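This report refers to the structure that appears directly beneath it.
No experiment lies behind these values; they were computed from the predicted model shown. Hydrogens, waters and symmetry mates are skipped; everything else that's a heavy atom, side chains included, is used.
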Amino acid sequence: GRMRSVALGLASSVRSGEPLTEALEAYPNVFSPIYVSLVRSAEVSGRVADALAQIVSYLEWREHLAREIRRATFYPAVVLAATIAVLAVLFGWTLPRLFEQLDGVAVELPPLTRVVRAVAFGVARHAGAIVLGACLGASAWLAVGSTDRGRIALDRFLLRIPLYGRVLTELVTARFVRVFRTLSSTGVNVVLALELAARSSGNRFFEQEISVARDRILLDGASLTDALSGSSTLPGLVRRMFRAGEDTGQLELTLGAAHEYYERQVPLAVSWFLRWFELAVLLVLGGVVLAVVLSIYLLLAEVVRQASGMA
């Protein structure tokens with residue numbers, strides 16, 4: 001397979017006397033700049049085995065985090081999909097046919113019933129336009145996200161969403177701290193470590209903030225802590241731990257503590273958000289169903305009342 005050919009190519013390059021770093025750079029789609037930088041630093045210090053162990057540890061952590069998030073999001077995703085399907089069938093097919101049967105009844109509709117009836121007929125008549133609008137909205141989102149400025153704006157917007165933004169901030173921070181600690185502990189210079197760690201965060205707005213911090217270090221001679229103080233995304237806890245590590249010369253130790261904290265915190269934050277999200281979806285579904293049931297009940301009660309009056 002592909003990995004076999006890559007492994008054979010690396011072995012051939014190394015046997016011919018080519019440095020391992022240059023051999024890895026020949027496969028940019030397989031080995032990210034993070035891996036290459038770790039190995040390059042390790043080649044200088046003679047700690048290649050340690051660097052490879054760090055890469056394995058990082059990959060295991062990233063896969064574990066992704067697995068935890070997938071497992072936590074599966075059930076809420078099913079609940080959301082089922083809710084959308086139930087509401088689509090209810091308002092797009094069931095209620096319009098029910099109200100068509102009741103339109104022949106000469107009775108004044110209660111206010112709630114009129115609202116539900118109008119929504120049901122509106123959804124049924126404009127179902128195509130609603131689907132088209134949703135598709136156009138998704139296409140517009142993807143189109144904006146495909147540009148650099150658009151992606152930065154969207155990522156900034158996502159970080160500002162209540163509740164969800166808090167969880168996303170912790171996830172971005174966890175990735176940044178983990179990669180920066182891994183790179184700096186193997187001797188990668190601070191500027192390159194900042195760039196690669198920010199790139200691994202998965203958020204272009206945060207990456208832009210760290211790019212500004214990197215420029216402050218290069219152009220203004222700012223300390224690492226002062227440069228990071230301009231980030232609105234990086235939590236105060238992490239900035240304080242950077243300062244403590246820089247002041248004491250124990251940056252690897254303090255970032256290790258920060259990484260351990262976020263390793264525990266991110267799955268908890270994801271689970272917390274999804275529990276509230278699931279509850280909100282169920283409340284919306286319950287509220288809609290309750291409104292439908294009440295609208296039909298009030299209509300039937302009005303029919304019975306008028307029938308009793310005529311008798």
For this session: For atom CZ of Arg67, decide whether the heavy atoms of other residues, nucleotides or ligands shown that lie under 6.0 angstrom number more than 12.
Result: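 More than 12 within 6.0 Å, yes.
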Problem set entry | Phe74, CZ: over 12 other non-hydrogen atoms inside 6.0 angstrom |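 Atom CZ in Phe74 is not packed in, count stays at 12 or less.
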Between [X] (side chain only) and [Y] (backbone N and O only), is there a donor and an acceptor less than 3.5 Å apart?
{"X": "Ser12", "Y": "Leu8", "answer": "no"}
{"X": "Arg151", "Y": "Thr147", "answer": "no"}
{"X": "Glu246", "Y": "Leu224", "answer": "yes"}
{"X": "Ser201", "Y": "Val172", "answer": "no"}
{"X": "Ser185", "Y": "Thr182", "answer": "yes"}
{"X": "Ser231", "Y": "Leu228", "answer": "no"}
{"X": "Arg156", "Y": "Phe205", "answer": "no"}
{"X": "Ser271", "Y": "Leu268", "answer": "no"}
{"X": "Asp220", "Y": "Ala222", "answer": "no"}

Seminar exercise, completed: side chain to side chain contact (heavy atoms under 4.5 Å, CB included) test vs Glu278 passes for just one of Leu274, Val281, Leu282, namely Leu282
Problem set entry | Sole residue of Leu87, Val116, Thr113 in side chain to side chain contact (heavy atoms under 4.5 Å, CB included) with Val292 | Val116
Exercise. Should the pair Phe176 and Phe242 be assigned to parallel (<30°), tilted (30 to 60°) or perpendicular (>60°) ring geometry?
Worked result: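 Tilted.
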Exercise. Would you call the rings of Phe277 and Phe273 parallel, tilted or perpendicular, where under 30° means parallel and over 60° means perpendicular?
Worked result: parallel
Exercise. Going by atom types only, do Ser211 and Arg214 share a side-chain donor-acceptor pair under 3.5 Å?
Worked result: yes
Exercise. With no hydrogens and no angle check, do the side chains of Ser57 and Arg178 hold a donor and an acceptor under 3.5 Å apart?
Worked result: yes
Do [X] and [Y] come within less than 4.5 Å of each other through their side chains, counting heavy atoms only?
{"X": "Thr21", "Y": "Glu25", "value": "yes"}
{"X": "Ser37", "Y": "Leu192", "value": "yes"}
{"X": "Val79", "Y": "Leu285", "value": "no"}
{"X": "Leu98", "Y": "Thr94", "value": "no"}
{"X": "Val6", "Y": "Phe31", "value": "yes"}
{"X": "Glu209", "Y": "Ser232", "value": "yes"}
{"X": "Asp226", "Y": "Arg243", "value": "yes"}
{"X": "Arg62", "Y": "Leu59", "value": "yes"}

If hydrophobic clusters are built from ILVMFWY residues whose side chains come within less than 4.5 Å, do [X] and [Y] share one?
{"X": "Val36", "Y": "Met3", "value": "yes"}
{"X": "Val89", "Y": "Val284", "value": "no"}
{"X": "Ile69", "Y": "Ile161", "value": "yes"}
{"X": "Ile296", "Y": "Val293", "value": "yes"}

One thing to verify: whether [Y] and [X] come together as a salt bridge, which I'm taking to mean a side-chain N less than 4.0 angstrom from a carboxylate O.
{"X": "Glu63", "Y": "Arg70", "value": "yes"}
{"X": "Arg97", "Y": "Glu100", "value": "no"}
{"X": "Arg204", "Y": "Glu207", "value": "yes"}

If you compare all heavy atoms of [X] against all heavy atoms of [Y], which two are closest, and at what distance to 0.1 Å?
{"X": "Ile217", "Y": "Ala227", "result": "CG1-CB, 3.7 Å"}
{"X": "Leu196", "Y": "Pro33", "result": "CD2-CB, 3.6 Å"}
{"X": "Met241", "Y": "Ala258", "result": "SD-CB, 3.6 Å"}
{"X": "Leu183", "Y": "Ala197", "result": "CD1-N, 4.4 Å"}
{"X": "Pro96", "Y": "Ala120", "result": "CG-O, 3.7 Å"}
{"X": "Ser200", "Y": "Val179", "result": "OG-CG2, 3.2 Å"}

Which value, rounded to the nearest 0.5 Å, describes the distance between [X] atom [atom1] and [Y] atom [atom2]?
{"X": "Arg240", "Y": "Leu234", "atom1": "CZ", "atom2": "CG", "answer": "11.0 Å"}
{"X": "Ser184", "Y": "Glu252", "atom1": "OG", "atom2": "CD", "answer": "6.5 Å"}
{"X": "Leu194", "Y": "Arg216", "atom1": "CG", "atom2": "CZ", "answer": "12.0 Å"}
{"X": "Leu237", "Y": "Glu170", "atom1": "CG", "atom2": "CD", "answer": "10.0 Å"}
{"X": "Leu171", "Y": "Asn203", "atom1": "CG", "atom2": "CG", "answer": "9.5 Å"}
{"X": "Thr233", "Y": "Leu168", "atom1": "OG1", "atom2": "CG", "answer": "9.0 Å"}

Exercise. So, is the end of the Arg175 side chain (NZ or CZ) under 6.0 Å from the ring centre of Trp61 and within 45° of the ring's axis?
Worked result: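 So Arg175 doesn't make the cation-pi contact.
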For this session: Just do the side-chain contact (heavy atoms from CB on, under 4.5 Å) check on Trp272 and Arg166 with the steps written out, would you?
Result: CA-CA 11 Å; Trp272 169 83; Arg166 169 186 164 187; 3.5 Å; yes
For this session: Decide yes or no on side-chain contact (heavy atoms from CB on, under 4.5 Å) for Leu10 and Tyr27, but give the supporting numbers first.
Result: CA-CA 9 Å; Leu10 289 175; Tyr27 302 95; 4.0 Å; yes
Problem set entry | From CA spacing to verdict: side-chain contact (heavy atoms from CB on, under 4.5 Å), Val266, Glu68 | CA-CA 10 Å; Val266 168; Glu68 288 292 316; over 6 Å; no
For this session: Would you please test Val177 and Val238 for side-chain contact (heavy atoms from CB on, under 4.5 Å) and show each step?
Result: CA-CA 8 Å; Val177 170; Val238 175; 4.0 Å; yes
